[in-house]
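Written out below as structure tokens is the structure these notes cover.
Quantities reported herein were computed from a predicted structural model and do not represent experimental measurements. Throughout, protein chains are lettered first and strands after them, A, B, ... in sequence-line order, and every chain is numbered starting at 1.
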2 protein chains.
Amino acid sequence: MSIQEIDIDTEELIKETAKKIFFGEGRFKATTQEIADAAGVNRTLINYYFRSRNNLFEIVFEDAQTKEISIAEQIIFSDLPFHQKIEKYLDLFFEQAKKYPYLEIYMVTQMNQGSCFKDPDTMNRMLDKFYLEIALEMEKGNIAKMRPEQFMLNLISLTSFPVSMRPLLQESMGMSNEAYDVLVDERKKVVMDTLFK
Amino acid sequence: MSIQEIDIDTEELIKETAKKIFFGEGRFKATTQEIADAAGVNRTLINYYFRSRNNLFEIVFEDAQTKEISIAEQIIFSDLPFHQKIEKYLDLFFEQAKKYPYLEIYMVTQMNQGSCFKDPDTMNRMLDKFYLEIALEMEKGNIAKMRPEQFMLNLISLTSFPVSMRPLLQESMGMSNEAYDVLVDERKKVVMDTLFK
DNA sequence: TTTTGCGTTAACAAAAATGTCAAACATTAA
DNA sequence: TTAATGTTTGACATTTTTGTTAACGCAAAA
């Protein structure tokens with residue numbers, strides 16, 4: 001047990017380091033050498049465990065996808081009332097965003113290079129369920145009427161964009177790190193107020 | 001005159017092709033060879049006109065920045081009433097987004113690799129002016145009260161995110177190209193309704 | 001103790017991408 | 001026409017990055 005924890009699983013270490021560099025720092029064209037250095041291991045171990053650089057990229061991509069789906073599942077299949085589901089989503093999202101602000105951008109750039117989703121069915125079934133709830137909430141008059149897909153886009157956009165585009169936004173708004181952190185911290189409330197009447 | 005137009009300015013051609021590949025197709029790690037092929041010119045001409053690959057990247061980055069600032073200027077210094085300024089912004093943005101959906105993501109990835117803004121002062125003065133207008137509009141009760149910066153974030157997020165993250169969103173929402181196009185077309189109205197009471 | 005197998009390493013090989021250069025070419029000015 | 005200048009090209013050199021292999025070390029099993 002204690003041995004397990006002290007002794008590092010190299011394969012896992014490499015993967016986590018890659019995630020840190022990609023999702024965490026947004027350095028998408030990091031070389032295998034840079035990843036190995038950051039992990040403190042010999043570069044060829046990346047080949048040993050992952051065969052090729054591209055394979056590592058694919059695996060990390062799938063991990064990201066799994067993570068996204070998992071968050072969605074946690075929310076949609078919980079038995080919380082709608083309003084609280086959204087709140088929970090925001091909590092989970094901003095928590096993950098601290099560690100991995102560039103997760104979404106990474107996925108987009110990967111997809112523009114040929115990667116693609118593996119399992120759209122699970123996601124689709126979840127979405128259908130969620131769209132129903134959204135429609136219901138519109139009936140109740142709690143949120144503005146629009147296509148549920150648009151509400152979905154609003155939700156994701158309002159939360160994700162300020163985080164994933166931070167370098168661009170922060171610089172073009174001429175803000176310090178601290179000032180932007182405050183802005184992000186206030187975001188949850190702003191998003192809620194914007195989405196709900 | 002007509003010769004000027006038929007005869008292609010190679011330097012410009014290369015730059016435009018690079019933009020098309022980066023901002024238009026999101027292929028951020030395109031090689032100089034790929035760019036040259038797409039432009040139909042000899043690869044070494046990239047070195048001739050731009051000295052190095054990295055220099056081309058920097059120049060294209062600055063162009064993107066200039067374009068962003070120019071759009072902001074057009075809006076903020078126009079004498080339209082607030083509501084119409086926002087509408088105009090949406091029009092301009094979605095127009096540019098058709099050609100260059102990945103402009104923002106490109107900038108972020110570049111900035112994560114060391115590029116940075118050159119002229120934050122111009123932008124800052126524009127923003128201050130715009131923040132005042134936003135605050136005024138809140139006083140009038142036309143938009144919900146919040147920090148003007150947050151309104152700004154809302155505006156950009158709601159418009160830009162669905163466009164720049166399209167590959168991820170479209171696939172995870174299981175939509176066809178056509179269906180997603182419709183969604184984007186409806187966006188202007190949705191954003192307006194979301195921002196204004 | 002020897003053997004087996006996994007993880008690790010360095011040295012090497014191969015590939016991919018960038019950059020340089022001199023010669024060829026075209027265009028315009030003298 | 002010739003000279004001069006700027007543009008384009010292919011051949012070559014260099015650099016960067018990736019992938020392979022054989023040997024080494026070490027721990028657990030025989």
Side-chain angles (χ1 to χ4, degrees), chain A residues 1-63 106 109-110 112-115, chain B residues 1-63 106 109-110 112-115:
Chain A
M1 186 71 167
S2 63
I3 296 173
Q4 293 272 34
E5 285 180 349
I6 293 168
D7 197 12
I8 334 114
D9 178 349
T10 307
E11 181 170 356
E12 200 58 23
L13 173 65
I14 292 174
K15 211 181 355 179
E16 286 306 312
T17 307
K19 285 187 199 171
K20 191 174 135 202
I21 290 179
F22 296 149
F23 311 156
E25 302 170 15
R27 294 167 44 214
F28 302 147
K29 36 185 177 188
T31 64
T32 50
Q33 187 65 66
E34 288 174 307
I35 296 168
D37 287 349
V41 303
N42 189 293
R43 179 179 61 81
T44 55
L45 286 176
I46 292 178
N47 293 98
Y48 179 75
Y49 286 109
F50 300 97
R51 204 167 55 255
S52 73
R53 169 199 158 90
N54 205 51
N55 200 237
L56 171 61
F57 276 54
E58 282 294 328
I59 285 172
V60 168
F61 175 79
E62 282 179 22
D63 260 38
Y106 175 83
T109 56
Q110 275 300 104
N112 279 333
Q113 253 129 35
S115 294
Chain B
M1 184 71 167
S2 62
I3 296 173
Q4 293 271 34
E5 287 181 348
I6 292 168
D7 198 13
I8 332 115
D9 179 349
T10 308
E11 181 169 357
E12 201 56 25
L13 174 65
I14 292 173
K15 210 177 4 174
E16 286 306 312
T17 307
K19 285 186 198 171
K20 190 174 134 201
I21 290 179
F22 296 149
F23 311 157
E25 302 170 14
R27 295 168 41 216
F28 302 146
K29 41 183 180 189
T31 65
T32 51
Q33 186 65 65
E34 288 174 306
I35 295 169
D37 288 349
V41 303
N42 189 294
R43 179 178 61 82
T44 56
L45 285 177
I46 292 178
N47 292 100
Y48 179 74
Y49 286 109
F50 300 97
R51 205 168 51 255
S52 72
R53 169 198 159 90
N54 205 51
N55 201 236
L56 172 61
F57 276 55
E58 282 295 328
I59 285 172
V60 167
F61 175 78
E62 282 178 24
D63 261 38
Y106 175 82
T109 56
Q110 275 301 104
N112 280 334
Q113 253 129 34
S115 294

### Query
To the nearest Å, how far apart are B:Phe57 CZ and C:dG19 P?
10 Å

### Task
Classify the nucleic acid contact of A:Tyr49 as base, sugar-phosphate or nothing, counting any heavy atom under 4.0 Å across all strands shown.
sugar-phosphate

### d(CD1, B:Ile46; C1', D:dT9) in whole Å
14 Å

### Query
Roughly, in whole Å, what's the span from CG in A:Asp37 to P in C:dT9?
12 Å

### Query
When you check the side-chain N and O atoms of B:Thr44 and B:Asn42, is any donor under 3.5 Å from an acceptor?
yes

### Message
Evaluate B:Phe22 against B:Ile35 for side chain to side chain contact (heavy atoms under 4.5 Å, CB included), listing each step before the verdict.
### Response
CA-CA 10 Å; B:Phe22 296 149; B:Ile35 295 169; 3.9 Å; yes

### Task
In whole angstrom, give the distance that lies between atom CG of B:Asn42 and atom C1' of C:dC21.
13 Å

### Query
So, the side chain of A:Glu34 versus the backbone of A:Thr31: is there a donor-acceptor pair under 3.5 Å, distance only?
yes

### Nucleotide nearest A:Thr10 when distance is taken to its side chain, options C:dG7, D:dT8, C:dT9
C:dG7

Please list each protein N or O that sits under 3.5 Å from an N or O in nucleotides 15-22 of chain D, with the distance.
{"unit_1": "D:dT18", "atom_1": "OP1", "unit_2": "A:Arg53", "atom_2": "NE", "d": "3.4"}
{"unit_1": "D:dT18", "atom_1": "OP1", "unit_2": "A:Arg53", "atom_2": "NH1", "d": "2.5"}
{"unit_1": "D:dT18", "atom_1": "OP2", "unit_2": "A:Thr32", "atom_2": "N", "d": "3.0"}
{"unit_1": "D:dT18", "atom_1": "OP2", "unit_2": "A:Thr32", "atom_2": "OG1", "d": "2.6"}
{"unit_1": "D:dG19", "atom_1": "OP2", "unit_2": "A:Asn47", "atom_2": "ND2", "d": "3.4"}
{"unit_1": "D:dG19", "atom_1": "OP2", "unit_2": "A:Arg53", "atom_2": "N", "d": "3.0"}
{"unit_1": "D:dG19", "atom_1": "N7", "unit_2": "A:Arg43", "atom_2": "NH1", "d": "3.1"}
{"unit_1": "D:dG19", "atom_1": "O6", "unit_2": "A:Arg43", "atom_2": "NH2", "d": "2.8"}

### Query
Rounded to the Å, how far apart are B:Lys29 NZ and C:dA16 P?
14 Å

#### Entry: Short side-chain donor-acceptor distance under 3.5 Å, A:Asn54 and A:Glu58
no

### Message
I need the CG-P distance between B:Leu56 and C:dA17, as an integer number of Å.
### Response
16 Å

### Query
How long is the gap from CD1 on B:Ile59 to OH on B:Tyr49, to the nearest 0.5 Å?
13.0 Å

### Query
Are B:Phe28 and B:Phe57 close enough, and set up right, to give a side chain to side chain contact (heavy atoms under 4.5 Å, CB included), and what steps lead you there?
CA-CA 10 Å; B:Phe28 302 146; B:Phe57 276 55; over 6 Å; no

